[in-house]
Number of protein chains: 2
Amino acid sequence: MSATSRTKAEVTEVQTGVAVQAAGSQPSLVEHESPVPATLGKKGEMTRQQILSAALNLFRERGFDAATMRDIAESAGMSLGASYYYFPSKESIVSAYYDYVQQEHKVRVEREISKAKNLRQRLGIAFHTKLDIIQNDRRLLVALFRYGGDPHHPLSWFGPATSRQRELSMAVFAHALGDQKLPKDVRYFAPLALWALHMGLILYFVNDSSDEQRRTRRLLDGTLDLVTRAFDLATAPVLQPILRPIRKRVTELLTDAGLAPNPG
Amino acid sequence: MSATSRTKAEVTEVQTGVAVQAAGSQPSLVEHESPVPATLGKKGEMTRQQILSAALNLFRERGFDAATMRDIAESAGMSLGASYYYFPSKESIVSAYYDYVQQEHKVRVEREISKAKNLRQRLGIAFHTKLDIIQNDRRLLVALFRYGGDPHHPLSWFGPATSRQRELSMAVFAHALGDQKLPKDVRYFAPLALWALHMGLILYFVNDSSDEQRRTRRLLDGTLDLVTRAFDLATAPVLQPILRPIRKRVTELLTDAGLAPNPG
DNA sequence: TCCTTTAGTTGAACGTGTTCAAATAATGCT
DNA sequence: AGCATTATTTGAACACGTTCAACTAAAGGA
C-alpha cells in the first residue's frame, strides 16, 4: 500500500531526536519577534533544549493545556521566569518543535525518496513520513491550529512569521514531485495544493482516535491515489481543451487572491 | 457579478438584529454541556441578550481578546460572576452569535433564493448572504477558529457539540442547490463540500484586510463560477466513463473516513 | 586583577478566564 | 400570607500565561 516504512523504532527515534539534536542548526520561528537574545551561549542552548524536552514530555503526557508553564519550568529545573528567557510564549515551544519536524521531514524525504519508483510512491513517502514524525505528538499539535484564524497573531497560518515554515514545507513537496512531467501552471501550484492537503490531513490526524491513527493512513493512501490520477488527467492530451481554460482561471483567481507562492 | 445585494443598510440591520431578536427560538450550541439552567425566566432571557449585545459591541470595538469578561459584565450592568450564569465561557458567546448567524442565513436565503435564475445565482445568494451577515464581525470570528483543531474542546469543528450547527448550515446549501439535476452521489456530498468551501472562505475573509473585504468577494465569485462549471461537467454524459469511477472512489473514501453526512 | 558588559535567573506581581459557596430575589404552591 | 423552591447575583478566590525590575554569574578586555 504505502511506500513508506512506519516502524515503532522510527517513531521513538524522533522523540529522543528532538531533545538530543544539535542545537542552533535550524533557525527558530520565534526569533522573528521574540525578546530572546540573538546569541545564546553554549550553556544557554543546553538549557533551551532542556526546556523543550521537558515541555514535549509533559505535552505528550497531559496534553498542551494541562501542562502548565510552571510544570515545565520545574521539570526543566528552573524558575518560571527563566523559561521565558528562552521561549517568548508557551505556543512558541510547540513552534520550535514544529521547526524540528520540518527539518526532520526534509531530511527523511531526501533520504528515502530514491526508493520510490513513481509519483504515487514519492507522494506516499512525502506524506507518510510527515505523519510518522508527528505520530505520537497529536496532543501538542492542537496548539498549532489554535491561532490559525487570527490574522494578528504571530503564529497565524497566514502571517509573515510563518511564511518561512510554509515555504520550507512546500519545498519538500516540490522535491517529492521531482521531474514529473506536468503542465507549467500545475507544477507551479502543486506544492501549495499539496501543502494545503497535508495541513488538512494533519487536522484529521489530530482528531483521529482510531488505533494508531490507521484511519488517517487509509484516507491518505486513498487520497494520494486520486491525486496521482488527477495529475495523470491533468496531462492527458484529450482533456486539454477542457482543462486548460479551467486551469488558467484557477491560476488567475489564486494569484488575484494573493495565494500564489512567493508573492514577495 | 453577484446575484446578491449587499447594501450598508442590510449590514446594520444585522448588527441591531442580533440584540433585538426574539430569544429562545433557536437552541444554543452551549446547552449541550453547559451549566446554564434549561429554563431561563423572561427576565433571564433579557439579561442573556444584554450580555450578548454588550459582548458583541465590545468584540467589534476591540477584538475578541482585548474585550475582557469583566468589561463585558460591566457593560451589561452586572457582576463578573453573573455573566457566567448565562454563558459558560467567553467563546460560547461567540458561539451564540454564530447560532444567530446560522438562523439569519437560513431566513435570508429562503427569502432571496427565488430571485435567482440558475444554479450559479443560487449559489451566489447562499454564499454572499453569509458574508453579508458577518461582514462587520471579523474581529470576533477568530474565536470560532481557535479551537477547531482540538478534538476534546466543546467548540471543536469535529466535535458532536457542533454537529447540529454544521447540519443546519449544510441544509442551507442543500436548499440553494434546489432541484438541480445532479448525480446521486454528487448531490449527497455537495452540501458538505459547499460547507467546507464556505468555511475556507470565512477563514480567508477573516484575514482579508482589503477594503470591505472585496478581495474575498472576488475570490468567491470566481470560485462559484468554477464550482458551477464543475457541476455541469459532473453531469456531462461524455465524461461519465472517466468521472463515475472517481466519484465512486471519493465516496468510499469519505464514508470510510467518517466524513459522510448524517453518520448517526 | 579589577571593571565592564553580557548572559542567565529570580520571585513577585499583573490581568486574564473561570469557579463557587453563599446571599438575595423571584416564583409558585397551599 | 407564608413557605418552599427555583432563579439570579455576588464577590472573593483560583490557576493560568506573561512581564519585569532587580539580582547573580560568566566572559572578556586592560
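Reminder, nothing fancy here: chain letters follow the sequence lines and each chain counts from 1. Remember, predicted model here, so these are calculated numbers, not experimental data.
- Atom-to-atom, NZ of A:Lys90 to C1' of C:dT16 comes out at 14 Å; the value is rounded to the nearest Å.
- At a non-hydrogen distance threshold of 4.0 Å, B:Ala67, B:Thr68, B:Met69, B:Arg70 from residues 63-73 of chain B come into contact with DNA chain C.
- Taking atom CE of residue B:Met46 and atom P of nucleotide D:dA7, one finds them 19 Å apart after rounding to whole Å.
- B:Phe87 places its CZ atom 13 Å from the P atom of D:dT8, with the value rounded to the nearest Å.
- Within the 4.0 Å cut-off from OP1 or OP2 of C:dT19, not a single side-chain nitrogen or oxygen of B:Tyr85 is found.
- One finds a side-chain N or O of A:Tyr84 lying less than 4.0 angstrom from the OP1 or OP2 phosphate oxygen of D:dT18.
- A search for side-chain hydrogen bond (donor to acceptor under 3.5 Å, both in side chains) contacts involving A:Tyr204 returns nothing, not counting sequence neighbours.
- In this structure, B:Leu80 atom CG and C:dC20 atom P are separated by 14 Å, rounded to whole Å.
- The backbone N or O of B:Ser89 sits less than 3.5 Å from a side-chain atom of B:Ser92, completing a donor-acceptor pair.
- At a threshold of 4.5 Å between non-hydrogen side-chain atoms, the residues B:Ile51 and B:Met78 count as touching.
- If you take NE2 of A:His153 and P of D:dG17, they are 13 Å apart, rounded to a whole angstrom.
- The two atoms that bring B:His105 and B:Thr129 nearest to each other are CD2-CG2, 3.9 Å, heavy atoms only.
- The ring of B:Phe145 has its center no closer than 6.0 angstrom to the ring center of A:Phe145.
- Between the CD atom of A:Glu45 and the C1' atom of C:dG8 there is a distance of 13 Å, given to the nearest Å.
- Distance CD (B:Gln50) to C1' (D:dT8): 13 Å, rounded to an integer number of Å.
- With sequence neighbours excluded, the residues forming a side-chain contact (heavy atoms from CB on, under 4.5 Å) with B:Ser75 are B:Ala54, B:Leu58, listed by chain and number.
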